[in-house]
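Heavy-atom basis, side chains included; hydrogens, waters and symmetry copies ignored. By convention in this document, chain letters (A, B, ...) are assigned in the order of the sequence lines, proteins followed by strands, and residues within each chain are numbered from 1.
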Amino acid sequence: MTSLRVLTVDDSRTILAMLHHTLSNAGFEVLQAEDGKQGLDVLKSQQVDVVITDINMPVMDGIEFIKHVRATGQHQSLPILILTTETSQDKRDQGKAAGGTGWIVKPFDPEKLISVIHRVVH
Amino acid sequence: MSDLDDFKATYFDECSELLTEMEEQFAAIEAGERDADRLNAVFRAIHSVKGGAGAFGFSALVGFAHAYETLLDYVRDGRVEMTDDVVTLCIRANDIVADYVKAAQTGEALPADYGQEEKERFDALARGERADDDEGGEPMEEFDLEFVPVMVNIGGGEDAPDDAGFDLGDFGGVADELANSNDDLAEDAFDAPPLEAVPGQWEIHFTPHTALYARANDPLLLFRELAVLGEMQVRPVLTAMPSLAEFEPFAVYCSWEITLISESLTEAMIREVFEFVEGDCDIAVAQVGAAGAPEASAGVASATAKPAIEAEPDTSDLLALADDEVSDLLDFNLDTDVVAPPVAAAKAEVAVATPHADAIIKPAEDDTFEEAPGLSFAELAASIVPSPVAKPKPVVAAAPPKPAAPAASSDGEDHGSKASVGVQSIRVDLDKVDRVVNMVGELVITQSMLTQQMDETLRARYTELVRGLEVLAQTTRGLQDSVMAIRAQPVKSVFSRMPRLVRELATKTGKKIKLETIGENTEIDKTIIEQLSDPLTHMIRNSADHGLESVEKRLAIGKSDTGTIRLSAEQAGGNILIIVEDDGAGINRERVLQVARDKGIVAPDVNPTDEQIDQLIFAPGFSTASEVSDLSGRGVGMDVVLSNIKKIGGSVHVRSSTGKGTRMTLRLPLTLAVLDVMLVKVGVSPYVVPLSSIVETIQCSRASFERVPSGGQVLQVRGEYVQVIDLAKRFDLQNETESDNRFVVLCEAEGSAKVALIVDDIIGQQQVVIKSLEENFERVDGIAGGTILGDGNVALIVDVQGLKTTIVHKNAA
């Protein structure tokens, strides 16, 4: 069985580094992008099992990114987790409205992160 | 170094970039470019600072950053107007964030109330906004409570709590809300709740909406999650299933009743599982009495370990039928992947193989489906539905997915985990680069040593070797340039801090000051850039405080009311020139000389030139400010600037024009590591003079020396009189070379004034690696550092500028 492949999209190098560390330690394959646009590029060329995306990003923010992903036919069932420091319902609602599957509150706890991923991926 | 330290290093690195970004954006905003992009960039920057700070538990930083971010969010929304005051406040806030970051990095504690004033002003602004909205004054502190920093626990560090902050408490709020909003539903679903609740037995009624699927949530996963909580039984409810003719592919017809048994189970735990699908489904959770769930015990059996999501018993035959017939007829896709979840951690197993939902969509479009006799669609669906994957998927989605996977993944494995996107640069620890720089420096020395040892006889005999050495020299030079380029960075990172400074200075002095920056993309060695901030700050302070006149005075003498400070950077040969120039009053030479005499820096009988007087402001202990001002005073004078600049191998030259302004020029080496020099002999010792400052060399016999009345020697070069310094005398060395056989090395230090150094012999040009004298010995006037020559000897590097300035003092002494 091949390992799950996770795409993380965040403009913070710190967060990307921590995600990479946590996810690869948990046996995931990790792809990374620094903004929504890069994220879309990855999805064009790579098969991904789950996406974790930040909301506040330059070029293309997380909400736009999710909308774009959902707009492309082949990613309707791709789980997209929103990683955010925003705890406000408002941001979550926006993320959900765009098509986000779930959310993780930043800063994340590794164990919780893994369990949340398993909650949305087969 | 632990992982956490690594991440922290990354974080602080990132912070410094983010802070620079914030400065830059605000510089533009201040200049009138108040567009949304800039504001968004600042918002994102502070947001990232906050995010990382939270991960490392820098709670003070988080608190301040959050309040600041909230204000920015208000500004972004247009709820708070971006007035000049707000801009000033934000610029101040940037400083505070920078201080907090620095404190976090160094571990120094800031006062508990640091930034409190600004925080209160954020608050006041927010309140003001709300007052306008008639919403009352909810203080901003509320927002602070929303973001609770949670320490990361990465790399198994024991110092962080195990389940830091991610217990139910975190989600409790949401769960509670959910619970409240669904109270009505719960009551509807269970009209008659039993009087006696049985602890640990729960009934859940779950009806997904289409939106749930649209967001890639999947009931199967929810059930899997629930199954972890306790013994579970799932029963599909198919009463809503329409006839085939009415069936709509994207509609959802199935809901589920779930019985979950576990003594430790709470409603919040159940609700948490449904957290992500909140609003995308109807869900009712109720604790039931023993009588309320009679069928539970049978179906549950030993389900804890492997709870089976069972099909209704009497449809199992139909299921088989459906599988065979339908797949034959309609080329069914059997998506076995979904049936046996590939996730290792999957704790629930679904035992029923079912046709994928995609198949259902096709029959709906295909008349031949009716040839499956006696199979009502509802029955068929009932047989299928127990697997929660029976979700309507668009047909397009069914086409490519799994077959494409192997190709994609094998392709992906090549790039594997390194597959970062758009990577055109790598981040390297500066230490590593330093090591390479040092090694290259040593290589340069070795190379020049080899070259030196090739005398004429050897050259004649080993032509191949000579050619090899030439190639080596070239390659070494190329390598050295490349390594230096790695460390080069635009001076922008320092320049960008100055607008804020000037703004502050303008406020404090009451003067109107405009800052112009030129050449901020000029690149310079990173270590030099780091050392540049303090001297530049000091020089700009000096210009603002002493150079520029007050508004009244400027107007009185016919200047514009706004003084200009121009900060520029340019490359000049092997040097970088950084110039701080103002259009102020210029240096008051009379006063400077007076102060210098009073302080004994210049002897009463010495009459320095204008240039020497200007340079006096860099003399140790010199300060013309009659009282130590808050601005430029701070207990240090320009001598600190000079010593800081010297430390990085540079020099400072000041040139002033009364009434017109002052120009201070920093001349810096491109790099600290390697210097092109001329090797000379003074007495018996080798000295090196930086090649960049040498104009020409003359044999003493051909030089036209003259005496000045004070007894000093000068050299006339093309009509210009140049100060002469005999290095042997200056360094108290014996020299036996006949005076006519000695050499004059004509050097041009900062500005136009040249100086002529007399040396005993000229050995040749070469490159040397600079070693700091201060670090290894102590600071010596007139010496910029040391170097190790190819033959192993130590040579001292002559500090031309230093010799020029110290000669005044020496004469005075």
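Put simply, the side chain of A/N56 never gets that close to the backbone of B/R44: no donor and acceptor are under 3.5 Å apart.
For a residue to count as touching a neighbouring chain, one of its non-hydrogen atoms must lie under 4.5 Å from one of that chain's; by this rule A/R13 touches chain B with backbone and side chain alike. Neither the backbone nor the side chain of A/L23 comes within contact range of chain B; no heavy atoms are under 4.5 Å apart. With a 4.5 angstrom heavy-atom cutoff, B/D13 touches chain A via backbone and side-chain atoms both.
The minimum heavy-atom distance between A/T14 and B/F7, with the atom names listed, is CG2-O, 3.9 Å. Scanning both residues, B/N217 and A/V120, for their nearest heavy atoms gives OD1-CG1, 4.3 Å.
Here the side chains of B/F56 and A/M18 are in contact, with some heavy-atom distance below 4.5 Å.
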